[in-house]
Every structure is written in structure tokens, then in C-alpha cells.
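Comments concern the structure below.
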Amino acid sequence: MSLGTEATTGHRFALVDVNNFYVSCERVFDPRLADRPVVVLSNNDGCVVARSAEAKELGIKTGTPWFQLAPEAERMNLVARSSNYELYGDMSARVMEVIGRFGAWQEVYSIDESFLGLPAAAEPAFAATARAVREAVRRLVGVPVCVGVAPSKTLAKFANHIAKHNGHLDGVCSLGSLPAADLERLAARLPVTEVWGVGARTGEKLAGQGIQSVADLAAADPARIRKKFSVNLQRTVLELRGTACIAPIDERADAHQIMFSRSFSTPVDTVAAMADVMTVYAQAAASRLSARGLQTAVVTAFAGTSRFAAGEASNPSVSVPLPEPTDDPIAIVRAAVAGLEARLVPGVRYVRAGVVLSGLTRAGAARQGEFDLFGTPDDDGAPAAGRDAQAAANLGSLLGDVKARFGQASIGLGAGGVQVPADWSMKRQYSSPKYTTEWKDLPVAKA
DNA sequence: TCTGGGGTCCTAGGACCC
DNA sequence: TCTGGGGTCCTAGGACCC
């Protein structure tokens, strides 16, 4: 059994992704970064999250802490950038819009990847479309993409991998146009963990069953795989054989949870400081919630000590059910602060914390036809509880409006309204400007 | 001294009900 | 009162992805 490329008719899936996305975004606005080793760092300038090809050649791995690289950076001619998510988010929207022009349908899969539906056509047409996508994104946005085309999403991912690692293909690979012998050789050589959906753990387990390569997995018995592993891995086997069976991500139905979590630049070891953290993080989560028109029923607050610290680990976590679904930032902040305070171990140095909102529903959905029996009427006869809920909703959107107009630090509850950053707040020493989302950062061209 | 953040899905197991 | 089977719902934890 070989990979499912016998199918020569029918539609195709293209997987388009941006090469080294964060680095490529930085390079669009700073040509000095071209041809140099560049890394983009995680929040707090903690570790490497994106690398240019030159940085990969130097042997720098994803996840390498920056403090280990910094002393050698100059010698290696290495440049670091703090992550600039406003820039990447905006560039992503531009890239996705251009990609979408070329397909019958589009499924944006992540900040830098999109599936694209290509209607049935003769084989050479697929590669031609793929090249056109690559050209258009390069010309209109300025970042390089690779494109893989195949009869299923999993195979499109595989084709994309081939496009990326074989220079002579020029960033484009339609699996059906590859000579069969080449394809078999690649599938037999590539480890099974290169397959989309097969991680290190599953890879180990598969090895125990004698399944090592992509070709081995494609040849495995789907029913047996389902029994020994999961329905997901069974689908993967079918997809490798050319049967598309991974459903679209439900048109991005509403999110099931919203999380805001960060590591601190300096550990937090007092209850008062953690209360400030929770105040700020809970507001950040609440503003994402109202921006999406959702309400939450459960607020979870957590904190944690460093994985790398000696001594006892402490990972307190509380889930606080709310009396009714809400997007009221005050209620959410209160739940997070009160919930976590009770569980902190005094004197322990926490390095990260977060707030998760779950049990999400569309704002107003639960309220339809609901009548508050116990709310006491106030002056205008409306039940007080209803009025409070209305006031809370207004507050949420008011905060959002003010922030949109005057900036994130312009207004907030408690510690959230403070302009001077707390000493635990994020460190971004090497940040580039928000070229595309702030008027004051707009690049100036000189002719 | 300094080591990311934000998600999804599946499964197993317990509680509960009929 | 006891027993067993079958179903649903919920949650925690694992695995994976980018």
C-alpha cells in the first residue's frame, strides 16, 4: 500500500504556509535582516520561537533560552527581535486574504497557514495555481510561502513538507506530479512523526508496533490502528491513502474557552502582587470575551512555579462558577482574584499565572424570554438585576471602546488602569514598531 | 538571575439515573 | 432490599498543533 496519489480526478487540498512567518514579517519592514541569521523571541524575551533559515543553519533550536544565546550573538552575527503580535496578526490577515482569492473555499488553520480548496482539474493546473498563490503573496504582502497540493489535508501537509525541503521544487509541490519512485523513497525515508497529528508520544508507541516511517503508517491496518490508538490516528491512515476524512474546523464556531496567561519578567511572591496580576489578566480575558460577543459561566485562575526551579512546585488552580453567564469585567476580576488568593502558598515564587474563561455562550442567548422573579423593581419599574446586567454590559463595551481609541493602558479596573508597568510585567527589549497598526509607527519611505 | 502562549480533541473513569 | 446492565453527563488528563 502506498500513499494515495492514484486518484487523478477530483478536487484537491492546498496547504499554504508562510516560511518562518514571524521572521519574514520582521524582514518586510527591515531589509537589514535579509540574509542574516534572525530569531524572534517569546514573551519576556524568554526563548526562541521562530528562526530564519540562516539561524537554523547555525544549529539554533526552537525553545533555546535567549540568555544562552545572547553572549554569542554578536560573534554569530545573530539578530533577535521580541515578538510583535500586533504586527504578525495584521500581516496574517493580509496574507490570508490574498490566498483566499485562489480557492473555491478557504480554511484558515493558524496564524501562518491556510487550507485552500482547488476544484477538479488536470494535474498541471494544480501546480500552476500553487505557483500563482506563491507569486501573489510575495508581490502583494512581501513574505515567502510554500504550497503543497494533494487529495487530503494530511497529504497536503506532507506535500508542503516536501516543497519546503527540496530546493529545486521552488516552494511548490503537487503530490500527483511527483514521480512515483521519488514519492515512495520519500515516504519510506521520512519518520512517522513528520505526519500531521503524530507527535513524539504516538511515534514511540508506533515504533513499538514496527511502524517507523510515513510509508509504514500508510500501510497499516486502519481498524487495528483505531483499536490500539484512536479514531484520530485511524483518520490519519485513511488520509495518507488519499481518502479525505478530516472535517473542516466547523467554520470557526464559537471558541470553547478563552485564556490569558503570561510568564512574569520577575517572580511574584506576595498575595497583594498576585491580586494585581489577576486584576490585569482577568480584564484582558474579559475584553477578549466581549470583543467576541460572548459570556462566560466559569472563571478559572491559576499560577505556577518554574519548571526549572529547585524546591517544591506549586501550581494552584481554582474554577469559580458564576451565578449566571456574564461578560462583566468586574465580576470576572472578582472571581479570579478571590479564587486564587485563597490557594497561594505564602513565600513561594510564582513565575506565571493565567485566567481561563469557559462555559462560553453568545451574549444575550440565555437571556431570551427570561424573567427575573426576584429582582426588586426600581424607580422605572425594571427589575434591578436586569438593570445591573445592562450596566455591566455597557461597562465592558465602554472599556473596549476607550482602549481602542486611546490605547491598552488608557483605562482599566484597579491595577489594570496603571500606566507605569509593574515589575512583573512583560519584557520586550528588542521589539520592532507596530508598522501596520499604529499611525505613529507607520514606516516612512524616502525617494 | 534569565526557559512561550493559546488552543482543540479524545479517552477513561466516576457519578448518577432508570 | 438487593442485583445487574445500560445509558448519559461531566471532568481530568493526555496528546497534539502552531
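Reminder, nothing fancy here: chain letters follow the sequence lines and each chain counts from 1.
Comparing B:dT3 with C:dC18, their P atoms are spaced 25 Å from each other, to the whole Å.
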Report all side-chain donor-acceptor pairs from residues 71-78 of chain A shorter than 3.5 Å, counting only partners two or more places apart or in another chain.
unit_1	atom_1	unit_2	atom_2	d
A:Glu72	OE1	A:Arg75	NE	2.6
A:Glu72	OE1	A:Arg75	NH2	2.7
A:Asn77	OD1	A:Arg36	NE	3.2
A:Asn77	OD1	A:Arg36	NH2	2.8

Using distance only, find each side-chain donor-acceptor pair of residues 337-354 of chain A under 3.5 Å and give its atom names and separation, not counting sequence neighbours.
unit_1	atom_1	unit_2	atom_2	d
A:Tyr350	OH	A:Ser314	OG	2.8
A:Tyr350	OH	A:Val345	N	3.1

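Not a single side-chain hydrogen bond (donor to acceptor under 3.5 Å, both in side chains) links A:Lys427 to another residue, sequence neighbours left out. Under the rule for a side-chain hydrogen bond (donor to acceptor under 3.5 Å, both in side chains), the partners of A:Lys56 that lie at least two apart in sequence or sit in another chain are A:Asn20. Legend: residues meeting salt bridge (charged side-chain N to carboxylate O under 4.0 Å, His left out) with A:Arg139, ordered by chain and number and at least two apart, are absent. Under the rule for a side-chain hydrogen bond (donor to acceptor under 3.5 Å, both in side chains), the partners of A:Tyr88 that lie at least two apart in sequence or sit in another chain are A:Glu26.
A heavy-atom distance below 4.0 Å to DNA chain B is reached by none of the residues of residues 313-321 of chain A. Of all the residues in residues 188-206 of chain A, A:Val195, A:Trp196, A:Gly197, A:Val198, A:Gly199, A:Ala200, A:Arg201, A:Thr202 reach under 4.0 Å from DNA chain C with at least one non-hydrogen atom. Listed by residue number, the members of residues 348-360 of chain A with any heavy atom below 4.0 angstrom from DNA chain B form an empty set.
Taking a heavy-atom distance under 4.0 Å as the criterion, the stretch of DNA chain C touched by chain A extends 5' to 3' from C:dA15 to C:dC18.
Heavy-atom neighbours of A:Lys228 NZ from other residues, nucleotides or ligands within 6.0 Å: at or below the threshold of 12. Summarising the local packing, CG of A:Asp35 is surrounded by 12 or fewer heavy atoms from other residues, nucleotides or ligands at distances under 6.0 Å.
When ring centroids are compared, A:Trp196 and A:Phe115 come within the 6.0 Å threshold. A ring-centre distance under 6.0 Å is not found for A:Phe13 and A:Phe126.
Shortest non-hydrogen contact noted between A:Leu289 and A:Ile332 is CD2-CD1, 3.9 Å.
Residue contacts shown for A:Leu41 are absent, as no nucleic acid heavy atom lies under 4.0 Å away. Looking at heavy-atom distances under 4.0 Å, A:Phe260 makes contact with sugar-phosphate atoms alone, never a base. Heavy atoms of A:Lys157 sit under 4.0 angstrom from primed sugar atoms or phosphate atoms, though from no base atom. Counting any heavy atom pair closer than 4.0 Å across all strands shown, A:Asn44 reaches no nucleic acid atom.
Between A:Leu15 and A:Lys153, the closest side-chain pair of non-hydrogen atoms is not below 4.5 Å.
Listed by first and then second residue, the ring pair (Phe, Tyr, Trp, His ring centres under 6.0 Å) pairs involving residues 306-349 of chain A amount to none (not counting sequence neighbours).
Remark: A:Arg262 is positioned above the aromatic ring of A:Phe260, its terminal NZ or CZ atom under 6.0 angstrom from the ring centre and at most 45 degrees off the axis.
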Point to revise | Nucleotide pairing, DNA chain C (Watson-Crick or G-U, distances under 3.5 Å), in dot-bracket with [ ] and | | key: ....||||||||||||||

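Checking A:Arg262 against A:Thr64, the closest nucleotide of DNA chain B that is more toward the 5' end is the one next to A:Thr64.
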